[in-house]
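Have a look at the structure below, then the notes.
Lettering of chains follows the sequences in order, A, B, ..., and the numbering in each one begins at 1.
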Protein chains: 2
Amino acid sequence: MPARSAADRESAARADDHRALRLWLRLLTCTQLIERVVRRRLRERFATTLPRFDLMSQLERNPEGLKMNELSRRLMVTGGNVTGIVDQLAREGLVERAADADRRAFRVRLTRTGRRAFGEMARAHEAWIVEILAGLTQRDHDGLLALLAKLKQSCSGPARRSEPA
Amino acid sequence: MPARSAADRESAARADDHRALRLWLRLLTCTQLIERVVRRRLRERFATTLPRFDLMSQLERNPEGLKMNELSRRLMVTGGNVTGIVDQLAREGLVERAADADRRAFRVRLTRTGRRAFGEMARAHEAWIVEILAGLTQRDHDGLLALLAKLKQSCSGPARRSEPA
DNA sequence: GCAGAATGCTTTAGGTTTAATCTATTCAAG
DNA sequence: CTTGAATAGATTAAACCTAAAGCATTCTGC
């Protein structure tokens, strides 16, 4: 018996559960399985965490730096949380706060050290993801990308009641 | 502070990012979007949290009760976490710890009160999920279910036995 | 100009989650 | 039986995350 994979949340769904619910549970399970592997490897190989990696990843994509609220929006976490993580990374010399025209704000940027450290992690991270998804064909990837795009649309659209569609 | 759908993690991926990485980021974004809605509604409507709901959901599927490590495995969270949540629910009279043959362990079960409370939440929860996924056709659901099943396989199987050097 | 509203970020307080460690019980080999 | 390894839960320290309140700066309408 495949001990671990047969005992998760979604496998246990009863036969009469509706299809939408099954889909949601399966989506959640997949995400958590991948997240767990990535978290563990980031910790073991690089002594860092997923939130820290994600934040640095955003900065790497925006060399000119990002404001705190932009980071907050992109990472989908609260501002206070971003403050804490940036504090950490700044203390370790991986990011820096640079003055902005708007004196209330500043831009957070990777330092040279941060850029080097992130580059190394990013290469490993991408290899892990490729490895984890190796069981799927190129065709599967395309299908999933398309369907998830549609799902994302379905989540974002109707959920925002404040905006008239 | 809700995330705008145009500025999340995955949208910002650069064009030259590899497909597997894009897929992973999109999967993560979808999960987080749905999770956020469900968490908020559970809090507003039922003054509870997603982990508490998930745990009760497992117990509802296993009326004879589950041991702590079984809960931990199915919910994919650590044992210490399960201890905390069971403590909470037991204090509120929603679950109970029943003695087991193995005196180190016990079985956690829903109480009558817990079963009634969960039933109400489960109906609402399922309706939310159906609503959130309403933008997808039946055909989309089937496609996603199949592809995610394959993805789950890909995560659980090869990633476990070969610990890369 | 100049109040008052809005924005950008931090702080605070409280709860959640994890990894590591600890205690008690069971199991298995002599 | 007895000793050592394995297992079931609980506990602890640190990281994470949130909501709400607070401070400083900028924007807007008059």
Side-chain angles (χ1 to χ4, degrees), chain A residues 3 7 28 31-33 35-56 65-92 94-108, chain B residues 1-4 7 9 28 32 35-44 47-55 65-92 95-108:
Chain A
L28 186 55
T31 300
Q32 290 182 339
L33 282 171
E35 225 179 298
R36 160 177 306 228
V37 173
V38 173
R39 277 183 202 278
R40 179 166 47 79
R41 293 191 181 175
L42 279 175
R43 176 168 39 82
E44 292 173 354
R45 304 277 154 75
F46 298 108
T48 192
T49 65
L50 190 51
R52 291 163 52 115
F53 178 82
D54 282 347
L55 196 150
M56 292 179 76
L66 288 171
K67 293 198 283 191
M68 294 295 273
N69 63 4
E70 291 172 330
L71 277 169
S72 169
R73 229 177 36 236
R74 291 178 198 230
L75 298 172
M76 299 199 275
V77 297
T78 57
N81 193 358
V82 174
T83 296
I85 298 173
V86 168
D87 282 351
Q88 269 185 37
L89 294 173
R91 220 178 300 125
E92 300 173 25
L94 299 171
V95 309
E96 62 188 357
R97 290 170 155 100
D100 190 88
D102 184 341
R103 274 186 307 167
R104 292 169 303 181
F106 47 79
R107 312 189 80 72
V108 184
Chain B
M1 26 189 79
R4 310 275 304 265
R9 204 184 327 241
L28 185 54
Q32 289 182 339
E35 227 179 298
R36 162 176 305 229
V37 173
V38 172
R39 276 183 202 278
R40 179 165 47 77
R41 293 192 181 177
L42 279 175
R43 176 165 37 83
E44 291 173 357
T48 191
T49 65
L50 189 52
R52 290 165 51 113
F53 178 82
D54 282 348
L55 195 149
L66 288 171
K67 293 199 282 188
M68 297 293 274
N69 63 3
E70 290 172 330
L71 279 169
S72 170
R73 226 180 36 237
R74 291 180 199 229
L75 298 171
M76 297 198 278
V77 297
T78 57
N81 193 357
V82 173
T83 296
I85 298 173
V86 168
D87 283 351
Q88 273 184 32
L89 294 173
R91 219 179 300 123
E92 299 173 27
V95 308
E96 61 188 358
R97 289 169 155 102
D100 190 87
D102 185 340
R103 275 185 307 169
R104 291 170 304 180
F106 46 80
R107 310 189 81 69
V108 185

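Where B:G84 and A:Q88 meet DNA chain D, the nucleotide closest to each residue was compared, and B:G84 sits on the side nearer the 5' end.
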With the criterion being N/O to N/O and under 3.5 Å, what pairs connect the protein with nucleotides 19-21 of chain C, and how long is each?
unit_1, atom_1, unit_2, atom_2, d
C:dA19, OP1, A:R43, NH2, 3.2

Just the table, please: protein N/O against nucleotides 1-7 of chain D N/O, every pair under 3.5 Å.
unit_1, atom_1, unit_2, atom_2, d
D:dT7, O2, B:R104, NH1, 2.5

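Atom CG in A:D87 sits about 14 Å away from atom C1' in C:dT12, given to the nearest Å. Atoms NZ (A:K67) and P (C:dT10) sit 13 Å apart, rounded to a whole Å. One atom, CD of A:E92, and another, P of D:dA15, lie 10 Å apart when rounded to the nearest Å. Across the protein-nucleic acid pair, A:M76 atom CE and D:dT18 atom C1' stand 15 Å apart, rounded to whole Å. Atom CZ in A:R52 sits about 16 Å away from atom C1' in D:dC17, given to the nearest Å. Computed from coordinates, the B:M68 CE to D:dT11 C1' distance equals 12 Å when rounded to whole Å. Regarding B:L42, its CG atom lies at a distance of 16 Å from the P atom of D:dT18, rounded to whole Å.
End-to-end axis angle of the helix from C:dG1-D:dC30 to C:dG30-D:dC1, from C1' rotation axes over five pairs per end: 30° (rounded to 10 degrees).
For A:A98, the side chain to side chain contact (heavy atoms under 4.5 Å, CB included) partners two or more places apart in sequence, or in a different chain, are A:R109.
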Donor-acceptor list for residues 75-86 of chain B side chains, cut-off 3.5 Å, not counting sequence neighbours:
unit_1, atom_1, unit_2, atom_2, d
B:T83, OG1, B:G79, O, 3.3

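The listed nucleotides are D:dG9, C:dT16, C:dC9; the one nearest the side chain of A:F106 is C:dC9.
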Test side chain to side chain contact (heavy atoms under 4.5 Å, CB included) applied to B:T48 and B:R43, step by step: CA-CA 5 Å; B:T48 191; B:R43 176 165 37 83; over 6 Å; no
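Within residues 96-103 of chain B, the residues having any heavy atom closer than 4.0 Å to DNA chain D are, in order of number, B:R97.
Remark: A:T83 is not in phosphate contact with C:dC9, judged by side-chain N or O atoms under 4.0 Å from OP1 or OP2.
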